[in-house]
*Asks:* 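Take this structure first; my questions come after.
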Amino acid sequence: MEELKFTVTQEQREKTIDKILKLVESEFEGVEITALFTKVILQETIKTLEDRCLSATLKNLNK
């Protein structure tokens, strides 16, 4: 399988981070969202993503 490489600028990263933070805030409208809460949500998101990838079959990963 060919390895794909691409470059993401710092500006693109910052825009993406801002979008993610706004999404978290909008999902819990009417509640004051703290940085700690956001950190936990993002950690759980990463763990879920890793779990889903690790539980994927090799057949699906090799497509």
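Side chains are part of it too, since the values below use all heavy atoms of this structure and drop only hydrogens, waters and symmetry mates. Start at 1 with the first residue, then count along the sequence. A quick note: this is a predicted structure, and the numbers were derived from the prediction, not measured.
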*Asks:* Output the distance between atom CD (Glu25) and atom CD (Glu32), rounded to the nearest 0.5 Å.
*Replies:* 8.0 Å
*Asks:* Please tabulate, for the side chains in residues 33-42, all donor-acceptor contacts under 3.5 angstrom to protein atoms that are two or more places apart in sequence or on a different chain.
*Replies:*
| residue | atom | partner | partner atom | Å |
| --- | --- | --- | --- | --- |
| Thr34 | OG1 | Phe37 | N | 3.0 |
| Thr38 | OG1 | Thr34 | O | 3.0 |

*Asks:* Using side chain to side chain contact (heavy atoms under 4.5 Å, CB included) as the criterion, list what pairs up with Glu50, not counting sequence neighbours.
*Replies:* Ile46
*Asks:* Output all residues satisfying side-chain hydrogen bond (donor to acceptor under 3.5 Å, both in side chains) with Lys5, sequence neighbours left out; order by chain, then residue number.
*Replies:* none
*Asks:* Below 3.5 Å, can you tabulate the donor-acceptor pairs from side chains in residues 9-16 to any protein atom, sequence neighbours excluded?
*Replies:*
| residue | atom | partner | partner atom | Å |
| --- | --- | --- | --- | --- |
| Thr9 | OG1 | Gln12 | N | 3.0 |
| Thr9 | OG1 | Gln12 | OE1 | 3.2 |
| Gln10 | NE2 | Glu14 | OE2 | 3.4 |
| Gln12 | OE1 | Thr9 | N | 2.7 |
| Thr16 | OG1 | Gln12 | O | 2.9 |

*Asks:* Of all residues at least two apart in sequence or in a different chain, which pass the side chain to side chain contact (heavy atoms under 4.5 Å, CB included) check with Thr57?
*Replies:* Lys59, Asn60
*Asks:* Partners of Asp18 by salt bridge (charged side-chain N to carboxylate O under 4.0 Å, His left out), sequence neighbours excluded?
*Replies:* none
*Asks:* Is the closest side-chain heavy-atom distance between Leu23 and Lys19 below 4.5 Å?
*Replies:* no
*Asks:* Return each pair, listed once, that meets ring pair (Phe, Tyr, Trp, His ring centres under 6.0 Å) where at least one residue sits in residues 38-60; pairs must be two or more places apart or across chains.
*Replies:* none
